[in-house]
Amino acid sequence: MADSDADRFTAIYDGCRQRVWAYVVSRAGRHVADDVVNETFTVAWRRLDDIPEPPLPWLLVVARNILRDTVRAEARRVSFAAEWMSWVEPAEADIAEEVSERSALLKALATLPEDDRELLILSAWQGLTPAQAATVVGCSALTLRVRLHRARRRLDQAASASPPVAGAAAVRHESTRARIAVGEEAR
């Protein structure tokens, strides 16, 4: 482009930039104004021969169209993100919470008598039904259910008695309870 084109663009930019910026701020706020104004004058530079006199109305139309496209693009992005989030499973909890919870549970488990630990491990971690665990322990299924219930209650008390254990247990009490309660549905 010739020096006269550069001088014309500079004159248009210097004369209209503040007014285009004010227009965009009034429509969309300061957070997008700079980007829209920059894009407006990029279009003006590319289409310098198409800009009529006075240039301000033409620049405002360009700014309005860019703003409209920006709003549409944001709406598409939000819609896409919402659709995408409906297809993915919720994120797992923070791994640090899981480690803390497991550590707290193991500490509480260590405070229990050996018989209680064995019942909880057979039920929760080995995944045995009460009837199967009863065979391992050598008692009836009904007796095992009563002992398992008492062991779970003692584990809950042990977890509540220790402050670090209680804090970790409170974070994800439901999932911990579900792991401890494996075998309850077999009753």
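The basis for the numbers below is simple: all heavy atoms, side chains too, and nothing from hydrogens, waters or symmetry mates. Keep in mind it's a predicted model, so treat the numbers as computed, not measured.
With hydrogens and angles ignored, the 3.5 Å screen pairs a side-chain donor or acceptor of T10 with a backbone N or O of A6. Remark: the backbone N or O of L120 is not paired with any side-chain donor or acceptor of S123 at under 3.5 angstrom. Formation of a donor-acceptor pair under 3.5 Å by the Q132 side chain with backbone atoms of T129 is found in this model. Judged by distance alone, with hydrogens and angles left aside, the side-chain atoms of N38 form a donor-acceptor pair with the main-chain N or O of D34 at under 3.5 Å. At distances below 3.5 Å, not a single donor-acceptor pair connects side-chain atoms of R27 with backbone N or O atoms of R64. Side chain of R154 to backbone of L109: no donor-acceptor contact under 3.5 angstrom is found. Side-chain N or O atoms of T143 include none that pairs as donor or acceptor with a backbone N or O of C139 at under 3.5 Å.
The distance from atom CG of L56 to atom CD1 of I51, rounded to the nearest 0.5 Å, is 11.5 Å. To the nearest 0.5 Å, the span separating CD on E118 from CD on Q126 amounts to 10.5 Å. H149 contributes atom NE2, which lies 13.0 Å from atom CG of L119 (distance to the nearest 0.5 angstrom). With rounding to the nearest 0.5 Å, the separation of OG in S160 from CD in Q157 is 8.0 Å. Here the straight-line distance linking atom OG1 of T135 with atom CG of L122 works out to 10.5 Å at 0.5 Å rounding.
Using a 4.0 Å cut-off between a side-chain N of Lys or Arg and a carboxylate O of Asp or Glu, R77 and E83 do not qualify as a salt bridge.
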Point to revise | Stepwise side-chain contact (heavy atoms from CB on, under 4.5 Å) test for I66 and D35 | key: CA-CA 10 Å; I66 291 170; D35 291 336; over 6 Å; no
Check your understanding: What do the steps show when you test D116 against L155 for side-chain contact (heavy atoms from CB on, under 4.5 Å), and what is the final call?
Key -> CA-CA 9 Å; D116 288 349; L155 181 62; over 6 Å; no
**Study point:** From CA spacing to verdict: side-chain contact (heavy atoms from CB on, under 4.5 Å), F41, L59
**Key:** CA-CA 8 Å; F41 282 99; L59 291 169; 3.9 Å; yes
Exercise for review: Starting from the C-alpha separation in whole Å, work towards a yes-or-no answer on side-chain contact (heavy atoms from CB on, under 4.5 Å) for V137 and R147.
Suggested key: CA-CA 11 Å; V137 175; R147 289 181 185 169; 4.0 Å; yes
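Shortest non-hydrogen contact noted between V36 and A63 is CG1-O, 3.8 Å. Of all non-hydrogen atoms in A151 and L112, the two that sit nearest each other are O-CD1, 4.3 Å. Shown here for V25 and A33, the closest heavy-atom pair between the two residues is CG2-CB, 3.5 Å. The two residues L144 and P130 make their nearest non-hydrogen contact at CD2-O, 3.4 Å. Contact detail for A141 and A131: the closest heavy-atom pair is CB-CA, 4.1 Å. When all heavy atoms of R8 and L48 are compared, the pair lying nearest together is NH1-O, 2.8 Å.
Side-chain heavy atoms closer than 4.5 Å link hydrophobic residues (I, L, V, M, F, W, Y) into clusters, and following such links, possibly through other members, connects V136 to I121. At a threshold of 4.5 Å between side-chain heavy atoms, the hydrophobic network of Ile, Leu, Val, Met, Phe, Trp and Tyr places L67 and V78 in two separate groups.
Within 6.0 Å of the CZ atom in R68, the count of heavy atoms belonging to other residues, nucleotides or ligands exceeds 12.
A heavy-atom distance below 4.5 Å is found between the side chains of P54 and P57. At a threshold of 4.5 Å between non-hydrogen side-chain atoms, the residues R17 and W21 count as touching.
Between W58 and D50, the side chains place no donor N or O within less than 3.5 Å of an acceptor N or O (distance only, hydrogens not considered).
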